[in-house]
Protein chains: 2
Amino acid sequence: MALGKDYVTQECSIASALEVVGERWTLLVVRDALYGVRRYNDFLVHLGIPRAVLSARLRTLTEAGILEKRRYQESPPRDEYVVTDRGIALWPALRALAVWGREHLMDRRLRYFRHAECGTELGSYGECPACGTVVPVADVLLTPGPGLDPDPADPVSRALLKPKRLLEPLETDHV
Amino acid sequence: MALGKDYVTQECSIASALEVVGERWTLLVVRDALYGVRRYNDFLVHLGIPRAVLSARLRTLTEAGILEKRRYQESPPRDEYVVTDRGIALWPALRALAVWGREHLMDRRLRYFRHAECGTELGSYGECPACGTVVPVADVLLTPGPGLDPDPADPVSRALLKPKRLLEPLETDHV
DNA sequence: ACCGTTGGTTCGTTCATTGAACCCACGGCT
DNA sequence: AGCCGTGGGTTCAATGAACGAACCAACGGT
């Protein structure tokens, strides 16, 4: 729905992008999707977001082609939300925000993003300094840093304590 | 205000960044500041934002060290808002959002971002493909594209029809 | 027959955004 | 002196979005 009528007059691709992903919670949902979160309940407990808002965001992100709703079992019918190529293309923007936040707001390292092939930490625009290439999202390895709570309450945060690649589906312990 | 209390539990530098710049209008104010907008009235007419919201955003951005309020004349006292190094550091994030919006939402080119030294259009992470270096913000030349309205209503948009470097103060015709 | 899980919707309260109106300090004009 | 214009705001009522608690529904298991 968006910020809509006001942003439309902006003639600016930044404004257009923010119309789609600029609402409260939206970019955090996309972040979680890139981290491998796919199920409604996992988004819910990890984000601490009101259910109504989560439903609305999942719907608009699906309509925008950033997530795809996919039936993963019949009977009982269960759906999951998987990030699409268009959503994966938001990685550089999320990465840039993370770098800015880390350098200007944080006093400790929460996570490291590494090139899965060689273990080198990514540079500021997502490149591998050792290999000299921009690392595709699927080859980014997410590893915990020293500032992270070692015993978090929710199962999603617990699952994220293990190193894992982006996009790889998250294994929570509700199995 | 901020998105505050909910985002705080996130242990994530993206969430921290969005606490500061994730509210409605905030990133567009920063974009305008990078484009050289400095005066209250210029932000107002260019963004079409309610005055109360603009005042609030300018205040929180100043408190966050992203803008700096600077007296540019006494009697009558007049202030302008100048983007700081911390604000300039948001350029990669805005750039990444612009690239995503352009590729996934726009059907026409509104603006080109070029390396001022050589005129080459910037690559997707803000580098100059010809020179092989990441271009500093002050050396980015903003030039109009074919999709841009050639006769916009507000003076700020009119001033942005001329090629200009980022950060360079905008010359509107209210002089 | 009942309970638990997943994935929602509904609803009343609180909070943010909007747009219009108002304010004030000053300079300049007549 | 009185008045108008400009820049940079604040105040206020009405609307819209977010919050969180409660409810709902389809199914499997016991």
Side-chain angles (χ1 to χ4, degrees), chain A residues 1-9 18-19 22-29 32 37-62 67-82 154-156 170 172-175, chain B residues 1-9 18-19 22-29 32 37-62 67 69-82 154-156 169-170 172-175:
Chain A
M1 50 93 256
L3 320 162
K5 52 184 180 316
D6 302 282
Y7 280 21
V8 168
T9 64
L18 290 174
E19 260 186 72
E23 287 178 299
R24 189 148 155 64
W25 295 111
T26 302
L27 277 177
L28 293 182
V29 172
D32 271 19
V37 175
R38 296 184 167 191
R39 316 253 292 243
Y40 187 93
N41 254 291
D42 287 344
F43 285 110
L44 196 69
V45 300
H46 189 227
L47 294 172
I49 180 179
R51 306 175 83 93
V53 177
L54 178 58
S55 298
R57 295 297 180 272
L58 291 173
R59 184 164 48 250
T60 60
L61 283 170
T62 303
L67 300 181
E68 190 185 311
K69 189 172 186 170
R70 173 188 296 173
R71 178 73 37 112
Y72 69 89
Q73 71 175 34
E74 311 285 342
S75 167
R78 291 282 180 268
D79 296 316
E80 60 183 4
Y81 295 88
V82 185
D154 71 287
V156 176
L170 197 76
T172 46
D173 44 8
H174 50 48
V175 240
Chain B
M1 42 79 259
L3 317 159
K5 55 186 177 316
D6 302 284
Y7 280 20
V8 168
T9 65
L18 290 174
E19 261 185 72
E23 287 179 299
R24 187 149 157 66
W25 296 111
T26 303
L27 277 177
L28 293 182
V29 172
D32 271 18
V37 176
R38 296 184 168 190
R39 315 253 292 244
Y40 187 93
N41 254 292
D42 288 344
F43 286 109
L44 196 69
V45 299
H46 190 227
L47 294 172
I49 180 178
R51 306 175 82 93
V53 177
L54 178 59
S55 298
R57 294 298 180 273
L58 290 173
R59 184 164 49 250
T60 61
L61 282 170
T62 303
L67 300 181
K69 189 172 186 168
R70 174 187 298 172
R71 178 72 38 112
Y72 69 89
Q73 69 174 37
E74 310 285 342
S75 167
R78 291 283 179 267
D79 296 316
E80 61 184 1
Y81 295 88
V82 184
D154 71 285
V156 176
L170 196 74
T172 46
D173 43 10
H174 51 47
V175 242

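Worth saying up front: this structure is predicted, and the values here are computed from it rather than measured.
Residue contacts shown for Ala52(B) include a base, since a base heavy atom lies under 4.0 Å away. Using a 4.0 Å heavy-atom cutoff across all strands shown, Val53(A) reaches sugar-phosphate atoms only and no base atom. At the heavy-atom level, Phe43(A) lies nowhere under 4.0 Å from the strands shown.
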From CA spacing to verdict: side chain to side chain contact (heavy atoms under 4.5 Å, CB included), Glu80(B), Tyr40(B): CA-CA 7 Å; Glu80(B) 61 184 1; Tyr40(B) 187 93; over 6 Å; no

Candidate pair Val82(A) and Leu67(A), rule side chain to side chain contact (heavy atoms under 4.5 Å, CB included), full reasoning: CA-CA 5 Å; Val82(A) 185; Leu67(A) 300 181; over 6 Å; no

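Close to dT10(D), at under 4.0 Å from its OP1 or OP2, lies a side-chain N or O of Ser55(B). The side chain of Tyr81(B) places an N or O atom within less than 4.0 Å of a non-bridging phosphate oxygen (OP1 or OP2) of dG9(D). Checking the phosphate oxygens (OP1, OP2) of dA17(D), no side-chain nitrogen or oxygen of Trp25(A) falls inside 4.0 Å. At the phosphate of dT9(C), neither OP1 nor OP2 sits under 4.0 Å from any side-chain N or O atom of Tyr40(A). An OP1 or OP2 oxygen of dG9(D) is reached within less than 4.0 angstrom by no side-chain nitrogen or oxygen of Arg59(B).
Listed nucleotides: dT9(C), dG8(D), dT5(C). Nearest to the side chain of Arg78(A): dT5(C). For Pro50(B), the side-chain atoms get nearest to dG19(C) when compared with the rest of dG7(D), dT6(C), dG19(C). With dC19(D), dT17(C), dG8(C) as the choices, the nucleotide that has an atom nearest any side-chain atom of Arg24(A) turns out to be dC19(D). Considering only side-chain atoms of Pro77(A), the nucleotide from dG8(D), dA26(D), dT6(C) that sits closest is dA26(D). Here the nucleotide nearest the side chain of Pro76(A), chosen from dC27(D), dT9(C), dA25(C), is dC27(D).
The base of dG8(D) sits within donor-acceptor range of the side chain of Arg51(B), with an N or O pair under 3.5 Å.
Distance Leu54(B) CG to dG8(D) C1': 10 Å, rounded to the nearest Å. As rounded to whole Å, 13 Å separates atom P of dT9(C) from atom CD1 of Ile49(A). For the pair Glu74(A) CD and dT6(C) P, the interatomic distance rounds to 18 Å; values are reported in whole Å. Following rounding to the nearest Å, Asp79(B) (CG) and dT10(D) (P) show an atom-to-atom distance of 12 Å. Put simply, CZ on Arg57(B) is 16 Å from C1' on dT10(D), counting in whole angstrom units. As rounded to whole Å, 14 Å separates atom C1' of dT10(D) from atom CG of Leu58(B). Whole-Å rounding puts the Leu28(A) CG to dA18(D) P distance at 13 Å. Note: CD (Gln73(B)) to P (dA25(C)) measures 16 Å, nearest angstrom.
No side-chain heavy atom of Glu68(A) sits under 4.5 Å from any side-chain heavy atom of Thr62(A).
Of all heavy-atom pairs spanning Phe43(B) and Val29(B), the tightest one is CE2-O, 3.5 Å.
Under the salt bridge (charged side-chain N to carboxylate O under 4.0 Å, His left out) rule, Asp79(A) has a single partner from Arg38(A), Arg71(A), Arg39(A), Arg59(A), which is Arg71(A).
Checking side-chain atoms of Thr26(B) against main-chain N and O of Gly22(B) turns up no donor-acceptor pair under 3.5 Å.
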